[in-house]
Amino acid sequence: MSQFWKPGTEKPRILEDEEGGVVYLSHSLSSSSSSSSSSRYGYASIENQRQRLPVYKYRSAILYLVESHATSIIVGETGSGKTTQIPQYLKEAGWADGGRLIACTQPRRLAVQAVSSRVAEEMGVKLGEEVGYRIRFEDVTTPDVTRIKFLTDGVLLREMMDDPLLTKYSVIMVDEAHERSISTDMLLGLLKKIQRCRPELRLIISSATIEVKTMAAFFQPSKRRRRLEGDELGPKMDPAILSVEGRGFNVQIHYVEDPVSDYVRAAVSTVMLINDKEPAGDVLVFLTGEDDIDAAVKMLTEEAQNIKKSSSGLVILPLYSGLPRADQELVFSPTPRGKRKIVISTNIAETSLTLEGVVYVVDSGFSKQRFYNPISDLENLIVAPISKASARQRAGRAGRVRPGKCYRLYTEDYFAKEMSVEGIPEMQRSNLVSCVIQLKALGIDNILGFDWPASPSPEAMVRALEVLYSLGVLDDDAKLTSPVGFQIAEIPLEPMVSKMILSSNELACSEEIITIAAILSVQSIWASGRGAQKELDEAKLRFAAAEGDHVTFLNVYKGFLQSGKSSKWCYTNCVNYHAMKKAIEVRGQLRRIAQRLGIVLKSCERDMQVVRKAVTSGFFANACQLEAYSHGGMYKTIRGSQEVYIHPSSVLFRVNPKWIIYHSLVSTDRQYMRNVISIDPSWLIEAAPHFYKQRHNPVLH
DNA sequence: GAGCACTGC
């Protein structure tokens with residue numbers, strides 16, 4: 001065993017850049033690696049395996065930085081082992097002594113589960129004891145026993161509602177911070193605030209991109225604060241930066257010489273070229289969405305049939321999240337001997353899923369990205385160029401098993417000069433209603449002055465404040481109202497859905513509304529079509545309610561319960577069994593929360609008018625009136641006179657009631673309303689007098 | 001008669 005640095009002993013040799021207050025560690029200075037030279041095929045103990053990870057060389061440096069700096073930023077490519085090893089190093093160094101906890105957050109649930117079970121295995125303990133995890137619905141930890149806890153960043157944000165200073169934790173490691181999700185950014189902003197009250201708390205920000213200057217600048221204390229701190233004992237407030245190399249193989253990058261006009265066609269011919277010229281190895285193609293992917297699969301299948309050479313066999317598989325589970329799993333099956341697997345995927349393969357055996361990547365340079373317009377309050381999905389960071393991540397997918405190649409369907413000049421370094425943080429591309437209410441609930445009064453890693457536009461924040469005001473969540477001073485505001489903040493759903501649940505109490509239909517809220521929170525309860533469109537439409541008719549989609553959901557739920565929650569029943573009725581199971585889980589959680597908030601669980605039996613009124617109380621802002629019968633029924637929103645249409649998947653498509661409320665809009669060539677319910681316009685003034693009366697709406701008066 | 005990049009509480 002090599003000697004590790006312990007607090008109080010001589011520090012390891014590290015270069016310090018006092019000017020910027022940033023610590024760099026050059027590779028040559030790192031402590032000697034004790035990576036074992038035993039054959040990689042031979043037996044290696046867990047300890048040996050741990051020591052072979054690139055991060056191991058930096059063990060004492062990391063512990064030194066964490067001891068001496070309030071915030072350490074660790075840059076490490078995939079395969080460095082930072083996620084599994086750093087929490088263990090911290091525990092070994094005593095950071096979990098005295099009943100304290102080490103936290104490590106992840107953006108995704110699956111990662112939380114995978115990483116925690118790996119770490120438990122390495123430590124030789126039972127998952128849920130010394131090492132545990134927590135995600136929504138699953139708290140696999142034991143109080144006073146668990147020392148290392150993996151959790152989603154969303155869960156840690158929720159934990160702050162009960163314990164605003166997160167006092168249980170001695171170190172919090174925020175992993176995958178480069179992804180810049182809304183909850184990661186919120187967490188970073190809040191952790192920076194917590195640090196001021198808890199100087200003993202240590203933060204580790206873990207990022208895969210080299211561009212960490214902005215992150216370091218964010219955690220840099222202001223000059224004034226630094227003066228105040230003076231020479232006090234304790235960690236330096238200046239963030240430290242440490243870079244750890246990854247363990248990926250080299251990936252050779254190829255660019256096109258001239259820009260391509262049709263990236264689907266270009267992707268297909270590139271795959272054919274790889275198949276023709278390159279040795280065995282699977283291919284991963286990044287396109288933007290279902291349409292692109294289906295087109296590419298079709299073209300490739302045709303081309304492959306045309307050549308039909310003796311040995312050339314392609315296994316062509318699409319991959320996107322909307323694909324039925326069984327089809328998704330096909331991409332993980334081993335490639336048959338003599339065949340080449342071609343996976344054509346969305347961004348899901350960039351971060352969420354890892355495919356082994358990929359040696360060639362084809363990168364279109366585009367992905368679908370969400371953009372939010374605070375003026376129209378609309379979120380749109382738009383095909384947009386990816387960032388350099390994304391391009392690098394995609395390329396890295398080719399180097400997991402052996403040296404690979406990445407074919408970029410854009411020019412080198414474009415990559416160098418036009419591609420942005422990093423993507424726009426999600427915070428700046430989204431509706432902020434949920435985010436703002438959560439900050440308010442944590443006592444952040446000055447939302448416009450909140451110190452974010454990347455500030456959203458003032459327009460977006462003002463819009464969120466307006467919506468929350470109209471829902472009665474905020475008062476004239478933009479403070480959370482009591483009890484409504486606090487209750488809505490407590491419910492882990494969009495505020496408009498939460499408002500609907502609160503109103504269901506007075507309307508005595510909480511059981512029905514909670515069912516609707518649960519079903520709206522899962523992707524879709526209908527089995528995705530794939531050639532069975534007719535069956536799906538027929539199945540929908542069996543459940544269809546004249547009132548609209550929300551009431552239809554209640555019928556499906558009733559049928560599912562009567563079948564004994566049968567998967568066979570789901571199959572024959574084109575209902576997605578997994579989605580129903582998830583909805584039932586969410587429903588259980590919501591019932592518990594509702595009870596805690598004093599909502600009486602009560603069914604309205606067959607009275608659907610109260611159900612529609614409850615929906616109206618949350619979604620009054622989405623009310624529309626039928627204007628014309630063109631294109632199957634053109635509606636206009638009452639609020640903004642925006643032209644909208646009922647989505648053909650709705651049970652009210654072509655039924656066209658005069659007044660409806662929609663749950664959400666999808667924007668394509670038109671604005672389509674998904675999940676609509678018919679209402680009586682008089683309910684609007686009843687539900688939101690301030691919202692509709694102040695506008696002197698001629699339609700309603 | 002059309003479509004859902006990806007997450008999360």
Side-chain angles (χ1 to χ4, degrees), chain A residues 105-112 134-139 151-161 176 179-187 286-294 319-323 345-353 364 366-371 379-384 386 390 393 423 426 429-430 434-435 437-438 441 488-495 497-498 517-518 521-524 526 528-530 533-534 536-537 540 576 579 582 585-586 589-590 593 631-633 645-650 652-654 664-675:
Chain A
T105 72
Q106 296 290 320
R108 282 171 291 280
R109 299 160 51 101
L110 204 66
V112 168
R134 182 168 174 199
I135 56 180
R136 183 178 185 174
F137 299 128
E138 277 178 71
D139 188 353
L151 66 176
T152 51
D153 32 27
V155 167
L156 192 59
L157 279 176
R158 284 276 156 191
E159 284 192 0
M160 287 180 70
M161 285 196 167
E176 314 285 2
E179 288 186 21
R180 305 300 301 274
S181 72
I182 289 186
S183 33
T184 306
D185 272 14
M186 279 177 70
L187 197 57
F286 285 105
L287 296 180
T288 64
E290 189 175 342
D291 284 353
D292 278 3
I293 291 170
D294 285 348
L319 178 64
Y320 46 88
S321 82
L323 211 56
S345 171
T346 60
N347 256 5
I348 194 170
E350 194 179 302
T351 47
S352 306
L353 293 180
S364 65
F366 289 93
S367 70
K368 278 194 187 170
Q369 292 161 37
R370 181 172 54 208
F371 288 94
E379 282 185 332
N380 274 317
L381 268 184
I382 293 168
V383 174
I386 61 169
S390 251
Q393 174 78 9
E426 193 185 10
R429 298 183 282 115
S430 312
S434 296
C435 169
I437 192 174
Q438 228 170 337
I488 289 184
E490 184 97 352
I491 303 173
L493 294 171
E494 302 159 65
V497 180
S498 307
S521 78
V522 303
Q523 295 275 354
S524 168
W526 302 110
S528 45
R530 270 203 119 54
Q533 192 54 50
K534 198 161 153 266
L536 177 58
D537 285 349
K540 269 189 192 169
N576 182 336
K582 202 171 167 202
E585 223 178 349
V586 175
Q589 187 200 22
L590 294 179
I593 292 169
H631 301 290
Y645 298 84
I646 295 180
H647 195 280
S649 66
S650 168
L652 292 186
F653 180 67
R654 282 206 284 239
S664 63
L665 282 183
V666 284
S667 317
T668 51
D669 52 334
R670 287 189 207 130
Q671 303 287 343
Y672 284 102
M673 301 178 269
R674 296 184 70 201
N675 297 327

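Keep in mind the model is a prediction, meaning the values are calculated, not measured. Letters A, B, ... are given to chains in the order of the sequence lines, protein chains preceding strands, and every chain is numbered from 1.
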Kindly point out which of dA2(B), dA5(B), dC4(B) is positioned nearest to the side chain of Lys368(A)?
dA5(B)
Rounded to the nearest Å, what distance is computed from the CZ atom of residue Phe371(A) to the C1' atom of nucleotide dA5(B)?
11 Å
dT7(B), dA5(B), dA2(B): which one has an atom nearest the side-chain heavy atoms of Gln523(A)?
dT7(B)
For Ser352(A), report the nucleic acid contact type (base, sugar-phosphate, nothing); a contact means any heavy atom under 4.0 Å.
sugar-phosphate
Would you please classify the geometry between the Tyr645(A) ring and the Tyr672(A) ring as parallel, tilted or perpendicular, with 30° and 60° separating the classes?
tilted
Check: Glu350(A)/Ser390(A) side-chain N/O donor and acceptor closer than 3.5 Å:
yes
Write down the distance between CG (Leu665(A)) and P (dA2(B)), rounded to a whole number of angstrom.
17 Å
Do Phe286(A) and Ile293(A) come within less than 4.5 Å of each other through their side chains, counting heavy atoms only?
no
Can you tell which of dA2(B), dG1(B), dT7(B) lies closest to the side chain of Arg654(A)?
dG1(B)
Any base atoms under 4.0 Å from Arg158(A), or only sugar-phosphate, or nothing? Heavy atoms, all strands.
base
Is it the case that over 12 heavy atoms from other parts of the model lie below 6.0 angstrom from the CD atom of Glu138(A)?
yes
Take atom CD of Gln393(A) and atom C1' of dC6(B), then tell me their distance rounded to the nearest Å.
13 Å
Taking dA5(B), dG1(B), dC4(B) as options, the one with an atom nearest any side-chain atom of Arg370(A) is dA5(B)
Using a heavy-atom cut-off of 4.0 Å across all strands, would you classify Ile135(A) as base, sugar-phosphate, or nothing?
sugar-phosphate
Would one find a side-chain N or O of Thr346(A) under 4.0 angstrom from OP1 or OP2 of dC6(B)?
yes
Choosing from dC4(B), dG8(B), dC6(B), which nucleotide comes nearest the side chain of Ile348(A)?
dC6(B)
Between Gln438(A) and Arg674(A), who's closer to the 5' end of DNA chain B by nearest nucleotide?
Arg674(A)
Rounded to the nearest Å, what distance is computed from the OH atom of residue Tyr672(A) to the P atom of nucleotide dG1(B)?
10 Å
Got a donor-acceptor contact below 3.5 angstrom from the Arg180(A) side chain to the Asp185(A) backbone?
no
Under 4.0 Å between a side-chain N/O of Ser521(A) and OP1 or OP2 of dC9(B), yes or no?
no
Return the value, rounded to whole Å, for the distance between atom CD of Gln671(A) and atom C1' of dG3(B).
14 Å
Base, sugar-phosphate or nothing for Ser181(A)? Non-hydrogen atoms, less than 4.0 Å.
nothing
Return no unless some side-chain N or O of Arg109(A) is found under 4.0 Å from OP1 or OP2 of dC9(B).
yes
Taking dC6(B), dC4(B), dG8(B) as options, the one with an atom nearest any side-chain atom of Tyr320(A) is dC6(B)
Check the distance between dA5(B)'s C1' and Leu319(A)'s CG and give it to me in whole angstrom.
12 Å
Between dC6(B), dC4(B), dA2(B), which one does the side chain of His647(A) approach most closely?
dA2(B)
To the nearest Å, how far apart are Ile491(A) CD1 and dG8(B) C1'?
17 Å
Taking Glu176(A) for the side chain and Pro107(A) for the main chain, is one N or O donor matched with an acceptor at less than 3.5 Å?
no
Scan Asp537(A) against the nucleic acid and name what it touches under 4.0 Å (heavy atoms): base, sugar-phosphate only, or nothing.
base
Trp526(A) CH2 to dG3(B) P, straight-line distance once rounded to whole Å:
20 Å
Does dC6(B) have its OP1 or OP2 closer than 4.0 Å to a side-chain nitrogen or oxygen of Ser321(A)?
yes
5′-ward residue of the pair Arg429(A)/Glu494(A) relative to DNA chain B:
Arg429(A)
